[in-house]
Asker: 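One structure coming up, written as structure tokens, with questions to follow.
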Amino acid sequence: FFFVVCVPMTCRIDQYTPDLTQEEVDTSFRLALKVWSDAAPLKFIKVNHDKADIILSFAKKTHGDFFPFDGPKGVLAHAFEPGEDMGGDVHFDEDEIWTMGYNLFTVAAHELGHSLGLSHSKDPSSLMYPNYNYYNGAQYTLPRDDALGIQALYG
Ligand SMILES: CC(C)C[C@H](C(=O)NO)C(=O)N[C@@H](CC(=O)O)C(=O)NCc1ccccc1
Ligand SMILES: [Ca+2]
Ligand SMILES: [Zn+2]
Ligand SMILES: [Zn+2]
């Protein structure tokens with residue numbers, strides 16, 4: 001028997017999108033976080049004050065980092081690998097039309113993989129594959145490749 005210590009990560013939603021209600025955004029993010037905390041000893045704590053490990057926000061075009069978004073389509077979002085300040089943060093391209101389940105959950109789950117330290121996978125069936133595949137948030141199970149990846153980091 002070994003005692004698994006959960007790695008606590010604080011999360012904050014900085015900017016919402018007009019495409020969805022606050023409740024829908026919170027739900028999509030909660031489901032996306034759960035994908036990872038179900039696969040590795042991670043604990044996500046939602047905070048509202050400033051300091052947080054993972055800050056999620058929506059932005060368009062140039063938005064304060066060196067990776068301006070590109071308008072509709074193309075890049076949908078990006079995330080920074082774990083670290084100080086912008087480390088772990090996730091930015092969603094506001095020029096996309098964000099919808100419930102269809103894509104906010106999927107993109108958030110993919111981006112959070114980056115926030116936790118995972119890079120893109122070559123396995124086309126993985127969540128961390130560079131190209132977008134639709135997954136339904138309801139009965140989603142993390143592909144094996146991604147589960148192995150996150151356990152290599154936090155298992
Ligand atoms: C070079 C980076 C900044 C490209 C960017 C990405 O991978 N962010 O994590 C991105 O938005 N990729 C698109 C690729 C594409 O348009 O097909 C994407 O849909 N990312 C979200 C995604 C990718 C795979 C599975 C689920 C969601
Ligand atoms: Ca875009
Ligand atoms: Zn950004
Ligand atoms: Zn990616």
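Values reported hereafter were calculated over all heavy atoms of this structure, with side chains retained and with hydrogens, waters and symmetry mates removed. One is the number of the first residue; the rest follow in order along the sequence. Counting convention: from 1, in listed order, for ligands and their atoms alike.
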Asker: Identify the heavy atoms of Ala39 and Ile150 that sit nearest to each other, and give their distance.
Answerer: CB-CG2, 3.9 Å
Asker: Near the Ca ion (ligand 2), is there an N/O/S atom from Lys73 that is less than 3.0 Å away?
Answerer: yes
Asker: Please report which non-hydrogen protein atom sits nearest to atom 10 (C) of ligand 1, along with the residue it belongs to and the distance in Å to one decimal place.
Answerer: Ala77 O, 3.7 Å
Asker: Within 2.8 Å of the Zn ion (ligand 3), is there any N, O or S atom belonging to Asp89?
Answerer: no
Asker: Below 4.0 Å, non-hydrogen atoms only: which portion of Phe67 touches ligand 1? Side chain, backbone, both or neither.
Answerer: neither
Asker: What does the angle at the Ca ion (ligand 2) come to, between atom O of Gly71 and atom O of Val75, rounded to 10°?
Answerer: 170°
Asker: So, for Trp98 and Leu76, which heavy atoms are closest and what is the spacing to 0.1 Å?
Answerer: CZ2-O, 3.4 Å
Asker: Say whether Ala79 and ligand 1 are in contact under the criterion: heavy-atom distance to a ligand atom below 4.0 Å.
Answerer: no
Asker: With side chain to side chain contact (heavy atoms under 4.5 Å, CB included) as the test, would you mind laying out the steps for Thr27 and Phe105 before giving the verdict?
Answerer: CA-CA 8 Å; Thr27 305; Phe105 161 77; over 6 Å; no
Asker: Please name the atom of Glu96, restricted to N, O or S, that is closest to the Ca ion (ligand 2).
Answerer: OE2
Asker: How far apart are the closest heavy atoms of Ser119 and Met128, and which atoms are they?
Answerer: O-CB, 3.6 Å
Asker: Restricting to N/O/S atoms, is Asp93 within less than 3.0 Å of the Ca ion (ligand 2) or not?
Answerer: yes
Asker: Tell me: protein heavy atom nearest atom 13 (C) of ligand 1, and distance?
Answerer: Pro130 O, 4.0 Å
Asker: Report yes if Leu127 has an N/O atom closer than 3.5 Å to an N/O atom of ligand 1; otherwise report no.
Answerer: no
Asker: Under a heavy-atom criterion of less than 4.0 Å, does Met128 contact ligand 1?
Answerer: no
Asker: Measuring from atom CG of Leu112 to atom CG of Leu56, what distance do you get when rounded to the nearest 0.5 angstrom?
Answerer: 6.0 Å
Asker: Whether the side chain of Thr10 engages the backbone of Ile45 through a donor-acceptor N/O pair (distance < 3.5 Å, no angle test) should be reported.
Answerer: no
Asker: Can you tell which of Glu111, His110, His78 gets a heavy atom nearest to atom 26 (C) of ligand 1?
Answerer: His110
Asker: Counting non-hydrogen protein atoms only, what is the nearest one to atom 11 (O) of ligand 1? Give residue, atom name and distance.
Answerer: Leu76 N, 2.8 Å
Asker: Taking only heavy atoms of Thr106 into account, list the atoms of ligand 1 that are under 4.0 Å away from them.
Answerer: 26 (C)
Asker: State the atoms of ligand 1, each with its element, that fall below the 4.0 Å cut-off from a heavy-atom position in Gly74.
Answerer: 16 (O)
Asker: Looking only at protein heavy atoms, identify the closest one to atom 24 (C) of ligand 1 and say how far it is in Å.
Answerer: Tyr129 O, 3.0 Å
Asker: Applying side-chain contact (heavy atoms from CB on, under 4.5 Å) between Arg144 and each of Asp146, Thr141, Leu142, Leu148, report the one that passes.
Answerer: Leu148
Asker: Give the minimum heavy-atom separation between Pro18 and Glu94, together with the two atoms involved.
Answerer: CD-OE1, 3.5 Å
Asker: Considering heavy atoms of the protein only, find what lies nearest to atom 1 (C) of ligand 1 and give residue, atom and distance to 0.1 Å.
Answerer: His120 CE1, 5.0 Å
Asker: Any side-chain heavy-atom pair from His110 and His120 closer than 4.5 angstrom?
Answerer: yes
Asker: To the nearest 0.1 Å, how far is atom 27 (C) of ligand 1 from its closest protein heavy atom, and which atom is that?
Answerer: Tyr132 CD1, 3.4 Å
Asker: At the Zn ion (ligand 3), what is the angle formed between atom ND1 of His91 and atom NE2 of His63, rounded to the nearest 10°?
Answerer: 110°
Asker: Checking the N or O distance criterion of under 3.5 Å, is ligand 1 in contact with Val75?
Answerer: no
Asker: Taking Glu96 for its side chain and Asp93 for its backbone only, find out whether a donor-acceptor pair lies under 3.5 Å.
Answerer: no
Asker: Restricting to N, O or S atoms of Asp65, which is nearest to the Zn ion (ligand 3)?
Answerer: OD2
Asker: Examine the side chains of Tyr16 and Asp26 and answer whether a donor and an acceptor come within less than 3.5 Å of each other.
Answerer: yes
Asker: Name whichever N, O or S atom of Asp70 ends up nearest to the Ca ion (ligand 2).
Answerer: OD1
Asker: Between Phe80 and Asp65, which heavy-atom pair has the shortest distance, and what is it?
Answerer: CZ-OD2, 3.4 Å
Asker: Parallel, tilted or perpendicular, judged at 30° and 60°: which one describes the rings of His63 and Phe69?
Answerer: parallel
Asker: Show the atoms of ligand 1 that are less than 4.0 angstrom away from any heavy atom in His114.
Answerer: 9 (O)
Asker: Ring centroids only, cut at 6.0 angstrom: are Phe44 and Phe29 within range, meaning strictly under it?
Answerer: no
